[in-house]
Amino acid sequence: WIKNLNEVKKGNNIFIANEFFDALPIKQFFKINNKWVERFIKLDKNNNKSFVNINSSLKKIEKKIGFKISNNQRIIEYSPTTLKYLKNISKKINKNGGLLIIDYGYLEDSMKNTLLAIKKHKISHLLNEFGNSDITYKLNFKLLKKITKILKLKCQGLTTQRNFLINLGIQQRAEIRSRNLPFSKKADVYYRLKRLVDKNQMGDLFKVMLITNKKINCKTGF
């Protein structure tokens with residue numbers, strides 16, 4: 001266990017980020033009447049919470065990222081902490097290794113308002129359950145891919161969890177694993193398999209992305 005990524009030396013490192021980036025805080029920007037505003041949460045004297053939009057300039061953010069994030073967008077969800085982690089990780093995999101991201105997200109170019117709160121495995125009201133819910137959002141993998149390019153890294157592949165696991169042979173593995181099991185345990189294996197790869201469950205909701213340095217060529221799973 002480490003307290004900080006700086007404890008990891010440069011070299012042959014493999015990072016696996018399974019539902020990691022969706023847990024990091026984000027900023028939200030909306031284009032209203034051709035002007036960009038940033039969304040904040042306002043507290044009044046009675047501790048009531050409400051959303052408030054404040055005029056904002058994206059120039060500093062775009063300078064920090066290295067490209068025009070606002071291009072053809074009406075909504076922007078951007079995590080400065082994610083950029084910080086990606087920059088740090090890029091230095092740790094500059095010789096060998098890679099970063100495998102497994103998370104729920106989408107592949108469209110246009111960003112969406114995906115901020116939501118989850119309590120006891122159900123979507124809850126973001127402001128009413130403030131402090132009692134898990135606040136999360138869906139990753140825009142196209143944005144991650146652009147950041148990858150700016151960091152002089154290579155996106156080896158980007159696909160759904162369903163495609164990734166099936167390409168790796170999860171169905172054959174389930175058959176081998178359950179061959180000598182009693183029916184109840186065999187059914188449990190296939191129930192879990194379905195949850196991971198079914199298009200209506202985690203199969204399409206979750207995406208998988210592999211990032212390495214430019215010298216590596218690895219398409220396993222993609």
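- Tyr106 contributes a side-chain N or O that, together with a main-chain N or O of Lys112, makes up a donor-acceptor pair within less than 3.5 Å.
- A continuous path of hydrophobic side-chain contacts links Leu115 to Phe141 [ILVMFWY only; heavy atoms under 4.5 Å].
- Between Phe222 and Phe164, the ring-plane angle classifies as tilted under the 30° and 60° cut-offs.
- Contact of the Gln156 side chain with the Ile216 side chain is registered, since non-hydrogen atoms from C-beta on lie closer than 4.5 Å.
- Taking 4.5 Å as the limit, some side-chain heavy atom of Tyr104 sits within range of a side-chain heavy atom of Thr136.
- Side-chain contact between Leu86 and Leu144 is present, with heavy atoms from C-beta onward closer than 4.5 Å.
- Between Pro25 and Thr81 the shortest heavy-atom distance is CG-OG1, 3.8 Å.
- Residues Val208 and Leu193 fall within the same hydrophobic cluster, defined by Ile, Leu, Val, Met, Phe, Trp and Tyr side chains chained together at heavy-atom separations under 4.5 Å.
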Item checked: Full working for side chain to side chain contact (heavy atoms under 4.5 Å, CB included) between Leu116 and Leu126 -> CA-CA 6 Å; Leu116 55 89; Leu126 191 67; over 6 Å; no
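- Counting only N and O atoms by type, the side chains of Glu77 and Asn140 include no donor and acceptor under 3.5 Å apart.
- A 4.5 Å side-chain heavy-atom check between Asn213 and Ile93 finds every atom pair outside the cut-off.
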Next item on the list: Dump the intermediate steps for side chain to side chain contact (heavy atoms under 4.5 Å, CB included) on Lys84 and Asn88, then the final yes or no.
Entry: CA-CA 6 Å; Lys84 185 180 174 184; Asn88 202 337; 5.9 Å; no
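- Atom OG of residue Ser110 and atom CD of residue Gln73 lie 5.5 Å apart, to the nearest 0.5 angstrom.
- Side-chain contact check for Thr148 versus Lys146: every heavy-atom pair is 4.5 Å or farther apart.
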Margin query: Walk me through whether Met202 and Leu205 qualify under side chain to side chain contact (heavy atoms under 4.5 Å, CB included).
Written below: CA-CA 5 Å; Met202 294 170 70; Leu205 179 64; 5.5 Å; no
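- Using a distance-only test at 3.5 Å, with no hydrogens or angles considered, no donor-acceptor pair links the side chain of Ser133 to the main chain of Ala117.
- Atom CZ of residue Phe206 and atom CG of residue Leu196 lie 9.5 Å apart, to the nearest 0.5 angstrom.
- Using a 3.5 Å distance cut-off with no hydrogens or angles, the side chains of Asn163 and Asn167 do not pair a donor with an acceptor.
- For the atom pair OH (Tyr78) and CG (Leu58), the distance works out to 10.5 Å, reported to the nearest 0.5 Å.
- Linking ILVMFWY side-chain heavy atoms closer than 4.5 Å, directly or via other members, places Phe20 and Ile101 in a single hydrophobic cluster.
- Between the side chains of Asn46 and Asp44, no donor-acceptor pair of N or O atoms lies under 3.5 Å.
- Atom CG of Leu99 is separated from atom CG of Leu210 by 8.0 Å, given to the nearest 0.5 angstrom.
- For the atom pair Ile65 CD1 and Leu151 CG, the distance stands at 10.5 Å (nearest 0.5 Å).
- Taken from NZ in Lys64 to CG in Leu83, the straight-line distance is 7.5 Å, to the nearest 0.5 Å.
- For the pair Lys92 and Phe15, the NZ or CZ position fails the cation-pi test of under 6.0 Å to the six-membered ring centre and within 45 degrees of the ring normal.
- Between the Lys49 side chain and the Asn47 main chain, a donor and an acceptor come within less than 3.5 Å of each other.
- Across all their heavy atoms, Ile69 and Glu62 have their closest contact at N-OE2, 3.2 Å.
- Heavy-atom minimum distance, Arg39 versus Asn53: NE-OD1, 3.5 Å.
- Across all their heavy atoms, Ile75 and Trp36 have their closest contact at N-CH2, 4.1 Å.
- Here the closest non-hydrogen pair linking Phe29 and Ser56 is CE2-OG, 3.5 Å.
- One N or O on the side chain of Asn4 and one on the backbone of Asn6 form a donor-acceptor pair closer than 3.5 Å.
- Side-chain atoms of Ser70 and Ile76, non-hydrogen and from C-beta on, do get closer than 4.5 Å to each other.
- When all heavy atoms of Gly105 and Lys207 are compared, the closest pair comes out as O-NZ, 2.8 Å.
- Side-chain contact between Arg162 and Thr160 is present, with at least one heavy-atom pair separated by less than 4.5 Å.
- Ion pairing between a basic and an acidic side chain is recognised when a charged N comes within 4.0 Å of a carboxylate O; Asp109 and Lys142 show such pairing.
- Between Met209 and Leu139, every side-chain heavy-atom pair lies at or beyond the 4.5 Å cut-off.
- There is no side-chain donor-acceptor pair under 3.5 Å between Tyr137 and Ser79.
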